[in-house]
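Data first, discussion second: the structure below is written as structure tokens.
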Amino acid sequence: MAVAELAQVIVDVPTLQTNRPYTYQVPPKLEHQIQVGMRVIVPFGKGKRSVQGFVVGLDQPADFQGTLKQITALMDLVPVVNSEMMQLSHWLADKTYSFWISCLYTMLPNMLKAKSKRIVKLVQPLAPEDQAIFGQQNVLDYSLVQNQASIVSRLLTLKRAGKVQFEYQVQDRARVKTVAQIQPVLTVDEYKQLRSKTRANATAQRKMLDYLQSIVGQQVLISQAQKTTHLSSANFRQAEDKGWISMQQIEQYRQPFGAELTDPAAKDPLYLNLDQQRALASVKQSIDNRQSTVFLLQGVTGSGKTEVYLQAMAHALQQGKTALLMVPEISLTPQIAERVRARFSSQVAVLHSGLSAGERYDEWRRIERGEAQVVVGARSAVFAPLKNIGIIIMDEEHETSYKQDDAPRYHSREVAKWRAKYHHAPLLLGSATPSLESYSRALAGNYQLLQLPHRVNKRPLPPIKIVDMRPEVQRRGESNFSTALLTALQERLTKHEQSILMLNRRGFSSFIMCRDCGFVLKCPNCDISLTMHLDTHTMRCHYCGHEEPIPQRCPQCHGRHIRYYGTGTEKATKELQALLPTARILRMDVDTTRRKGMHEKLLQKFGSGQADILLGTQMIAKGLDFPNVTLVGVLNADTGLDLPDFRASERSFDLLSQVSGRAGRADKKGQVIVQTFNPDNYVIRLVQAHDYRKFFNTEMQIRQLASYPPYYYTIRLMGSHEDEQVAAKMMYDIRQELGKQLASDTMILGPTPRAIARLKKRYYYQIVIKYRQDPQLHSLLTKIMQEAQNKYQRGAELAIDPDPQYFL
DNA sequence: AGCACGCCGACT
DNA sequence: GTCGGCGTGCTC
């Protein structure tokens, strides 16, 4: 390997001014080891500060005039960022206007982000009252005292006097889990001999020796040995001391799932119908020819998209390649991950937010080492360090969870396209209700459209009955359940079939309002209404986490008629239980699934028939496949329709279509009942007609008239500051600058104060840019972003969100 | 980010 | 006179 004397390092200081490589000297002892993509510790800035960084280049001449500093340490034996990922991170930083360092960390498991610890070291003896700060020690963890102003100022004084020193410790958090393994070191005869010498009442020793005889020549995990012998770990340690066995620590991966698969039958490929075969053939051809075609697989719910995915992945594996399957959020769709594991068993690695940091790190290493060839995961799995990718699949490609909400604001679909191109592999986007963006690209021929118009069980899609809630409420008073829905539920109970009920919570909050004076309880930091949480008896802000007790009296007029509005799943469940006393109802929402693994538990309970009705929020709409479910009810179809969001209709269409698809998936006939106050709304009508194409056409017209995507691209600029005036001024200045240099059909909206103007004690102003083609725009925005640091008042922050999901 | 430098008000 | 407040600039 080449010898490197200089290294270019991206340091872990996420600011604009430091968003570039710094050159360091490589100490001689590291010259032969250092490689691009390794993590290093380097001194940075004045004082004793040291930070983690990534080597992004070697031996590029430095045009820096001062004395170069030396790299303190290498954190890795092999690079954690390979060449593909290095290029990808650079592209991502440019594309999303974010820091290179943030992109690098985004691609890696959290454990590889070192945490730095500030410590205070004693250098000279102190007066007793100062020594008290340190106690018996001569080093102090700064984080323990940093909130105590008096101590901090005393330490600073001592520092100036040269009596103490501030230092940094960078700690790698990456921990490999090890387990103990034992190995007999004597022969069978020797063990026999030892046994004959033991006293008759030394039962433990005799048991041990008998056992050791039986495993001569093997290595056994100590946990396993303990299980078979019922001896304690102390017994084995004694055995080691006596020289009967040797013990070593071996590396072991943490096991993210339970040991065994639930359904071994799912191992075999299923028979494909003609549509599926046709779709699969196109994808296979693309894999074989190393073409990075983008396919859009549109298949109605229950049309067998997953089986096409599985067989396409199997084909890639047969070619000695790897496969990546992305799903919106695994905890919401555990069934698909389960199917992939059933098909490909130990070749599968799973990456999602439900894993502990350690499990995630282990899965990442299995992929990186090539031990797993199939990856299933949510948004960030698009960065899985697979080599030689044969196919990338994105299920439910229209899902908003594929777009990251904070920096780097990437969309997995775009990253997936980049990687597919890099590996000359096809990208397969699947959905029953594709995003308008993707569908219009497919119609334009940029993507290849594949369609699965029929359900595999040859059943028609379930009929959807729309219930107008207006007369219903007039007749019976306020209720979440119409007569029609109750009757249908009752029928299912009699027939021992199951039902799913969805309460649409999107754009819906259970806030508190005083009926006397109209006062609404809001967050003191964010100016948005607080949501009531009955489980903790608090009012909570969804944006900043602020929490306060539920008021008994109105804080404004002190009246007692302060009541909450809106229905939560909890209230709906209670009402339903009163109406159908014999029904076994399972509630599923954020409150009942907060604890790890609760999701799976609830679904398992429902799947095994231990409940008649599953009542939940949007989380039950996707991907669930229960054969005994024949009724789906939507309690309030319209709450998402009137949000100030240009995608509100698209999301509602998607949600209602998806949840309808949960009914009648096996050989029983399904039925859907949708309750609404807007029975004539086109979204609801077209969901009823199962007519995606017509919805697409209607919605496209609206988008065209209003110049929204997919006709126009959008970019959102958000400026913030503690002082509202400063934030506003910055955004007006930026608008001016933009106005001078944009293409003629580019539109600038704003600046406007954000709907939620004050968030975490900062004021936000935003500009939305709509454009069709503007070659200058990207570099102009990059420039504005770079200048923002010095041009505006200190504390001003600018963030750019390309293709935002929300304008709120 | 975080650290040092540097220039103005309230203390021994 | 100095101690320490925070505004400013830079980090290989």
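The sequence lines fix the lettering, A, B, ..., with proteins before strands; numbering per chain opens at 1.
Donor-acceptor pairing under 3.5 Å is lacking for the side chains of A:Y253 and A:E363. A side-chain donor from one of A:T15 and A:T18 sits under 3.5 Å from a side-chain acceptor of the other. Judged by distance alone, the side chains of A:Q725 and A:Y763 never bring a donor and an acceptor atom under 3.5 Å apart.
Judged by closest nucleotide on DNA chain C, A:R794 is the one of A:R794 and A:F44 placed further toward the 5' end.
What separates NZ of A:K46 from P of B:dA1 is a distance of 18 Å, to the nearest Å. As a whole-Å value, the separation of A:Y105 OH from B:dA1 P is 15 Å.
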Please evaluate residues A:V120 and A:F134 with respect to the criterion side-chain contact (heavy atoms from CB on, under 4.5 Å), reporting the C-alpha separation (whole Å), side-chain torsions for both, the decisive distance (0.1 Å), and the verdict. CA-CA 9 Å; A:V120 191; A:F134 285 78; 3.9 Å; yes
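For the salt bridge (Lys or Arg N to Asp or Glu O under 4.0 Å) condition, no pair includes a residue of residues 91-112 of chain A, sequence neighbours left out. Sorted by first and then second residue, the salt bridge (Lys or Arg N to Asp or Glu O under 4.0 Å) pairs involving residues 74-92 of chain A (not counting sequence neighbours) are A:R39-A:D76, A:E84-A:R419. The salt bridge (Lys or Arg N to Asp or Glu O under 4.0 Å) pairs that include a residue from residues 40-68 of chain A number zero, where partners must be two or more places apart or lie in different chains.
Within a heavy-atom distance below 4.0 Å of DNA chain B, the residues of residues 10-18 of chain A found are A:V13, A:T15. Contacts between residues 93-103 of chain A and DNA chain B, counted as heavy-atom distances below 4.0 Å, involve no residue at all.
Going from atom CZ of A:R409 over to atom CG of A:D803 covers 12.5 Å, rounded to the nearest 0.5 Å.
With a cutoff of under 4.0 Å to any heavy atom of chain A, the contacted region of DNA chain C is bounded 5' to 3' by C:dG4 to C:dC12.
With ring centers used as reference points, A:Y771 lies 6.0 Å or more from A:Y712.
Because its NZ or CZ atom is not both nearer than 6.0 Å to the ring centre of A:Y24 and within 45° of the ring axis, A:K69 does not count as a cation-pi partner of that residue.
Backbone-only contact: A:Y24 has heavy atoms under 4.0 Å from sugar-phosphate atoms and none from a base.
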